[in-house]
Structures are given as structure tokens and as C-alpha cells.
Amino acid sequence: SEDMEPVNMESMGHPEIYPLVLTTKTQEIFNCRIDEDVTDEQPYKLINKEDIFEDLRNRAAVSDFHPVKKIVQEYPGNELLLVYDKDFKYGLNFYLIGTEEGKENYLNPPEVPEEQEEYKEHIPEDVYIYKPPVSKPWVSLGSEKEIEEESVTESTKQITYMISRKRSEFGAPIKFSDQNASSVKDAYIECTAYPDKNFTLKQLEKDVGMQVIPQIKDISTQTKWTYPKNATTQYYPREFSEEEKETLKQSKPLVDFLNNASISVEIALQQNEIMNTFIDDWKYLAEEEGTFGDKTDTYLKEYQSFTDLHSPTEKMITCVSWHPTIYGLIAVSVAVRLSFEDRVHFSGKLLLQPSLILFWSFSDPIHPQLMLESPDDIFCFKFCPSDPNIIAGGCINGQIVMWDITAHADRIENIKAGGSRSKRATLKPMFLLEPESNKEAMYIRHCAVSSIENGHKKVITDIHWLSDTFEINRMGSVFENRSGICCQLVTCSADCTICFWDIRPQKPLTPQTTEKKKEESIEIPFDVPSTFLHLDLSWKPLTKVRLSKGETSLDHCPTKISLNEDHLLCKTQDKMLAQSKTEKAEEMNPYHNLESGMANLLKPIDDFCTKFFVGTEEGEVIYTDWKMEKDPETGRLMSKKPVSHHTIHDGTVHTIQRSPFYNDIILTVGGWNVAIWKEGVMTGPLLHSCCAPKRYTSGHWSLTRPGVFYIGREDGYIDIWDLLEKTHEPAQSQNICITMITYIKPWIFSSKQQFIATADYYGTLHILEIPWTLSRPSTNEMASVNHYFEREVKHLEYVEQRKKIREQEKKEMELEMAKKKVKTYQKSKEQMQAELKMDYESYLELEKTVLINLGLIKVTEKGSYMEVM
Amino acid sequence: MNEWTNTGREPDPLPSFLPGPTAPGLGEPQAEVEETLKRIQSHKGVIGTMVVNAEGIPIRTTLDNSTTVQYAGLLHHLTMKAKSTVRDIDPQNDLTFLRIRSKKHEIMVAPDKEYLLIVIQNPCE
């Protein structure tokens, strides 16, 4: 019965009201007798909690407050409100209000609901009467406790410090210094970490989800991968040994198999021999597809021309060379246009003017890009094939001059960019162009010159770089070149010698040379690179080959040479080699470290052809050897005698050139005619043109068409020969300028653009564009030209044979003639006399008849008249 | 050179054993092998001839060793593949001859159960 839940009037909307029955006895105890203590005016009574408890204790279950015992126990306040329910609103005569709030509500009922009922009777059109709020005493509901909790108060009293320092010490320069923290005591404070037990938690509970699943198995292995590395496998194929092969060969199955198989194989082979079924006839029928440009356009078109306007004297161009790598850059060497006597006469004036090699670029026709200075006029020069920044030139005084333009390489490489900008600018008159173009041509002094005493004595007529695949020593023997760069030169000069030079430093033979060097040391300007410092003024040739004519003291005077080397002129073939070499050269320029290659022991190359062609001033073409041999008598090194020697041309041979397509076909131009030779055919030239009306002054093979070559004449015409068209005269002739053409050099820039540089006697360089027809070879042109040369070789052989046959015939004829003469001489003397007499008598008769006819002798007898008749 | 006429049919197979007046039986097959191979090699345009066994190991060749090994290995695989292709399409069919025409040469392979005869010819002039 104690567990009974007190019943409240929740159903009626008053959950705080608990109806009670109070017996008279209880009423007397609590002084709430009906109509005495509790009346209509005051139907309630506040009862102390203690009293209720006492009553409960006294009367226990009998007590009327028993059902609400729990409420009373839980009641927060001290006094409970007991209300007399006269009308039995809640079913019983008393009720207890179980909450403080309810008590308050009862004691001070809110007027609103009651008043609302009253006001409903009123019409709402009444204006709301504003009642200002009336201040009431503040009733604490517990909020001040919350505020107290939330507010921040100072737990401790604040401490104030005042720190002062002398004013002069502020802003003073600070000096920091280092100090080792451990050396000074108490220089640092450490907070070491330590495990604090307060913060170590031991997990006592764990929340884990569980699920039933089919059985699984997890297995893993760990591989140890320390670092990635390449793995290679080396294997060799299975092979039979010799004995096994023999046994197999003799086995019957093999024999049978071969017999059977060879039949079908032979059928197949025969089929291929009869006809090639896969040939596309249409393809081979057609000529070139799609020509670029007009086919009828066969003339060389003028592209640009360069003249040096700044030189005081008249100059002529002696040699032209295109820059091997940079597009649009061409170098010319100019020399003064004076005869030898005039040179001597004006030598004072000439000394003041520098001799130059000019670098012209397509983008700037007025100003040369670079000017290389040399001690005297240059007559021939060449770019080094392995490094286009090294240039070697031959001087008129017999010296070789070397330049190194590596420092200026950037400048000339980027010319095109600057040039194109200036082209887009509007055209300005000439006098404005000069100050605007801020590019002044740079004068570059030469790097090294050869020794004057030991080199050539006369003008150097030709200079070549030796290929970088071989090098030669003092004897002329050929060795393998390990350094991979061109390091040797060959020059020929009018003093009848051909010299081989090495640009690497030679080991000094005697200590005297070092002393000499000290005496001769000349101050070198600081901007000259020291690449060839070891050579300057002390450079001696490696070997000298003298072209002697035998016993006489006169020697051949070489003008041009042509060595048997790889096609250094043909640019396209060299691209692959050049690429592999530029990769090497980027690490370190080998020309700046020439000594490194000297110490290697070189392997001699055995079957190297050391022969070469020389053209001389007298118009001879000589084929000789550069290897020196020991003279058996004197023991000295002597140059060999020439292998073959022909006089073909009527004037100086100024061009000897190997064809870019065939290594053994040489073109020689000199005097008034042209000759083509084949190396190995000693009897004569394959082609020997007849004399032309004008002298030929320069020549060059075409770089793309095997049968075409260009010849320059002394009247400014270029003759274009095409061996497939005509071989007795040029196919085309075109006028370029008014004066003699001194040099021709074609060059390929792309498959569609080919230029030919023509230099003339008045110092102007003309650049002409080669039309499509002249630059593009037709299909099978190479094979056709090859056939032509083979035919010519056969013709020469035939001629030789015919010569022999003719000689034989001649001999036979002479023998017969001689025999006949011997026969007729056998007549005897008597016969001769008888014959003479008969002759005399017949003569007398003849005399008589003639006289009678003339009427000088009278006819004496008639009979004789008849005789006469 | 012998004269070859196209009769339109395959010639009769040669007898496998040629009775010789002098040589005993042992030396004959070897000489015959040599003679056959020489005959094939002497055809116009033939670059090389080789005989390879069923595993791709060369037995007899006219080319250098590295080239031979390469050809043997590669062509052996190819022939096996070709044979299995033909057989897959029609199980009663079999590969008799394989000709590979390339830009530069023609390779001819005559397969057999145990051996392979490879000939390389350059058909153009």
C-alpha cells in the first residue's frame, strides 16, 4: 500500500492537485475544520510539512495523508496548501496542491484568465489603455546564481611591476655574440618531458561491434625492396657442335628433307628471277610528283648582294665560305686589287689598312657582322669542320692565321632576330640608317700566326682542314685520330711546297726554344682568346712535301689540292656526325684543351690512300703521294715522285674538286677548259672540254645534282653544265656581273632553298637563288651520271687499246713498206741503161713532132708527113 | 647454268639414294647435302641459305653465326605459328611453304616435321 501512486487531477488539466479525504479527526488535528477554520472566504490552509510527517508517523496507514505521502516527501517547500473543496470539484472534500507553483497560482491567481472572461463581454473597439509597468520587487528565481557562475572574477590579486632603465641605454648598437648554452651555468631552462600518471588513461571499456560472417583467411607476405635496380639476363643461343652437325648431315631424314624441300624452294627462286610481281609499274613510269615552283624557270635569281662600302681602296674577293651552321651567314676574304709592283709601290699605305675577313648576314646588307683582322691579305680560308668558331686562313706572305670567335658566337647566332625587327621598321633614307643601327662591326684580332721563317715563303694558295678521322705524323704515315676533332691542316703555296700543320702544342725538342720564347714574348691584347697561344709565331709545319720536277731545279707550283676525304662539303650527310659531336663538345670545348689528346698512343691505319690531286700554275694536274720515303743514298726523307701527271689546261688550274656524290670523280677547271677525272684512271681525263671563248676563272660542283657544275667566266657569266644534257658545251649561260668572277660557292639551306654565292673582281658578293630545276635531281640521275662516267672510262680504255692496236698496225704497215722497197731495188744495171736509152729515143721523137707541129721544121718528105699524121 | 623450263607441274622427286660408282654409302648423303645446298646458293640473288632443326638450332648455314641464330630463332617461331594457323582453320590441311616478301629481300621457308630450310633472296637487280 505504500507503493500506491498518488492520484492527481491530471486528467482535468491540473496535475498539481491531489484530492484528499480528511476525516473529522484529521481536521481537528490540523485545524482545518470545515466551516470553522476553512470557510468560503478562506477555503485554504497552509500546513506544515512537519506536522504531516508527525501525523503520518502517529497514525501510519490510517492517516489521511497516506496516499499523498510521496508528494509531501518530495515537496520542496515547508508549507503545503490544503484547499477545502466545497463543491466536490475534484471528487473529494479536500485537495492538496503538490507544487509550489500551484500554491502560488492558487494564492495569487493570475488575473488574466479571470479578467479575460470579464473582458469578453466588452466590445473590442475599446482602445487599449496603456498601463505603464509598475515596478515590483524583484523575485529571485535562481538566475543570479547562474550569473555568478558565469562571470569572470579575478581569482588572485593583480601584481604590478615597474621596470626602468637609463635613457641613454636605449637605441644603443647591439652586439650579439655566440655562447654555448651548456658552458655557462643556468644559461637555459629546460622543461623536460616526463610521463605523468594523471594523464595516462587505462582503457577499461571498449565498444566493439560484432557480426557473424563466413570464415575468411588473411595472408600477407612482405618483400624486401631495398632499391630499384636493373636486372639483366645474359644468354647465348643453343648451338650444335661441329661433330653433331656432321652426324646430322649424314642422317637420312635430313637428306630426304632437303631433296623434297629444295624442289619447292627452287621453284620459288625461279619465280623471283623471272619477274618481280610486286613492282608498281605506274610508280616507276611517272616523273617527280609536284614540283615546287615553275618548271620553265631555270635562271638563277638574284637574292642579295653585299659590298663593303667603307674600304678606302678597291678590293677584290679572294675566297668565300658559308658558315657551316648558322643560316644566312657568309664570310668573304677581301684583298687589295693591285698587281705585285703596285703592292710594293704602295706598301706604306697598305700597311695602315687592315686586311679583313668580313662576315655578312642576310639581314643586314650594309654592315658586316664581324670583321676578322689579319696581318696581310688572305687568299684562302676555311672554317674548322668540328668547331665553326675556329677559322684558319692563308696569307699572301706565307703565314697561316688562326682566329677563334667563340666569344662572339652568341652575337652572330642571334643576328636574325635583330635583323628582322629592323626590317619591319619603315624604310628610312640611307643617311639615317647609320646612326640608328647601333651594331658596330667588331674587329677581331687573330689568335695565332705561323712562324715566318719555317712556314711558306710565298702566298698560300689553298688551305684545307684534315678530316677528324685520321691524323698524320712526320713521316706522313696515317694514324687514327682519337681526339675526334680536326686538328691538322694542309696548305699549298706558290713556293712549290705542300705543308702539313698540327694545331696542337708540340713538345719542345730543345730547351733553347723556351728561352727564345721569352725573348720574343709580345704583349697580346687582353680580348684575344688564348686558344692558340702556344702556336703564335712559333708554329712550324709537321711535314713538307716538295713538288719537284725531277732533276731540274724548277718545281711545280701548286695552286689547289684535293684530298681523298669524307664529304666535308656535303652538309646533309654530316648532320648525324655533327650531332654526336656537339653533344661531346658541350661538355668542354676540345679546342681549349688541345693538349689532352696528345698523349694517346695512336693506332696506325693501314690501307689509307695517301694520294691526292694537285693542280699547278702551269695547268698540270698531278696525282701524288704525301707519304715520305727514305732516300736510299742520302738517308733523308724524300717525297715520292708523282704517280701521274697530265698537262691539260692552258692556264692556272684554279679549281680541283671532288664530286659530293662520287668520291673518285674530280673536276678541274683552268685556263679555257674543264676536265673531269676519275681517281685510278691514269690515262687521262674522262671528259675534256674544248676551249671556251672566254677564260674560266672559277668552278664548283652542284651540291644536289650529280651531273651539274657551275663555272664562272672572266666576263661575269656563269656557265651551268649539265652532263646529262650536253657534254660539249654548257647547258646554260647567265650574266651575273660585269667583271671577272673570282669564286663560286653554292650552299643548301633546306630542300627548297639553295643559294649560290658568286664573288667578283670588284669586291661585290652576289647571292643568287638556285631554281627548282637546278637543285632537284631527277630520279635515277645519280645512276645515269654513274653510267656516263663508266662509259667514259670504258671509252678511255677502248682508246688505249685502239692506240695499241693502231701502233701495231702502224708497225706492220711500216714493215710491209720496208719489204716493198727492198723488192723494187733488185733491178740490174743493164736494164736501167736500156730503159734510159729508150726513154731518150722516145723523147727525141717527141721533140721532132712538136717542132713540126709548130712549123719550125719543114717537112721534107711526104711520107714523113703521113707519119706525122 | 642449267636450263629451267616451266612445265607446269612439279618435277619428279629425285631418288633418295644415288648409287655411285666409287664412293661408299656413308659419304654420299653428305656430298648430296652439300651439292643441293650449293645449287640453291648459286641461284641469282640468293643471299644466304640455312638448315635449321625442329628446335630452331641451325645445322648448316652460309651466313655468319649471329645472323643465322637470329634468323633461325625468329623464323622458327613464325613457322610454328603459321603451321598452327593453317591447321586450326582446317585440321586436314598443312603448311607446305612460307614466303615473306619485304622491301629488300624475300625469305623462303620450307618446313618439315624435323627440319626447316630457309633461303633469303634479293629479287630485284
Side-chain angles (χ1 to χ4, degrees), chain A residues 232-286 289 778-791, chain B residues 4 6 10-17 25-37 39-40 43-46 49 51 53 55-61 65-66 68-70 72-73 96-97 99 101 103 105-106 108-119 121-125:
Chain A
T232 55
T233 318
Q234 185 164 341
Y235 58 91
Y236 57 90
R238 281 183 298 171
E239 282 173 10
F240 283 130
S241 64
E242 286 301 321
E243 301 90 36
E244 286 174 328
K245 283 190 191 170
E246 291 298 315
T247 42
L248 275 173
K249 258 192 241 181
Q250 289 155 20
S251 62
K252 192 163 179 303
L254 181 68
V255 176
D256 290 341
F257 157 71
L258 269 182
N259 288 330
N260 291 332
S262 60
I263 295 159
S264 34
V265 164
E266 281 177 340
I267 290 176
L269 287 171
Q270 270 183 280
Q271 282 175 354
N272 280 336
E273 281 165 33
I274 294 168
M275 199 185 109
N276 184 4
T277 52
F278 292 95
I279 279 185
D280 185 3
D281 291 319
W282 291 114
K283 191 171 148 196
Y284 285 99
L285 192 66
E289 340 86 45
S778 53
T779 46
N780 307 328
E781 180 161 339
M782 191 138 163
S784 318
V785 174
N786 214 9
H787 274 143
Y788 167 72
F789 288 135
E790 279 171 19
R791 278 202 314 268
Chain B
W4 298 94
N6 192 359
E10 291 192 63
D12 304 320
L14 297 164
S16 58
F17 186 71
L26 198 61
E28 271 303 320
Q30 188 177 353
E32 198 182 320
V33 163
E34 292 292 335
E35 195 217 300
T36 316
L37 287 174
R39 202 174 66 224
I40 293 177
H43 269 266
K44 183 177 166 198
V46 170
T49 314
V51 180
N53 84 335
E55 289 176 333
I57 307 174
I59 296 172
R60 181 85 169 71
T61 174
N65 201 25
S66 51
T68 307
V69 156
Q70 193 177 27
T96 49
F97 204 74
R99 276 165 91 162
R101 184 68 179 244
K103 252 197 314 201
H105 342 283
E106 177 156 336
M108 291 167 231
V109 180
D112 185 64
K113 224 168 24 173
E114 293 165 26
Y115 301 100
L116 219 64
L117 173 66
I118 301 170
V119 179
Q121 187 194 27
N122 185 7
C124 319
E125 260 99 69

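Sequence lines set the chain letters: A, B, ... in the order given, protein chains first and strands last, and positions in each chain run from 1. Side-chain atoms are counted along with the backbone in the values below, which use heavy atoms only and exclude waters and symmetry mates.
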Which distance, rounded to the nearest 0.5 Å, do you find between the CG of Leu258(A) and the CD1 of Ile40(B)? 7.0 Å
Atom pair CZ/CD1 of Phe97(B) and Ile263(A) - distance to nearest 0.5 Å: 11.5 Å
Which atoms of Ile118(B) are under 4.5 Å from chain A, going by heavy atoms: the side chain, the backbone, both sets, or neither? neither
Over all atoms of both residues, closest heavy-atom pair of Phe240(A) and Asn53(B): CZ-ND2, 3.5 Å
Between Arg99(B) and Gln271(A), is there a side-chain heavy-atom distance shorter than 4.5 Å? yes
Between the NZ atom in Lys44(B) and the CD atom in Gln270(A), the distance rounded to the nearest 0.5 Å is 12.5 Å
Shortest non-hydrogen pair, Phe257(A) vs Leu117(B), comes out as CZ-N, 3.4 Å
Exceeds 12 heavy-atom contacts within 6.0 angstrom, atom CD of Glu246(A): yes
Please report the shortest heavy-atom distance between Arg39(B) and Ser262(A), naming the atom on each side. NH2-OG, 3.9 Å
Contact part of Val51(B) toward chain A, heavy-atom cut-off under 4.5 Å: side chain, backbone, both or neither? side chain
Quick one: pull up CG in Asn260(A) and OG1 in Thr96(B) and give me the separation to the nearest 0.5 Å. 12.0 Å
Proximal component of Glu244(A), with respect to chain B [non-hydrogen, under 4.5 Å]: neither
How long is the straight-line distance from CD of Glu273(A) back to NE2 of His43(B), given to the nearest 0.5 Å? 6.0 Å
What is the distance from atom CD of Glu239(A) to atom OG1 of Thr68(B), rounded to the nearest 0.5 Å? 9.0 Å
Which heavy-atom pair separates Met108(B) from Ala268(A) by the least distance, and what is that distance? SD-CB, 3.4 Å
When every non-hydrogen atom of Ile57(B) is compared with those of Arg238(A), the smallest separation belongs to CG2-O, 3.4 Å
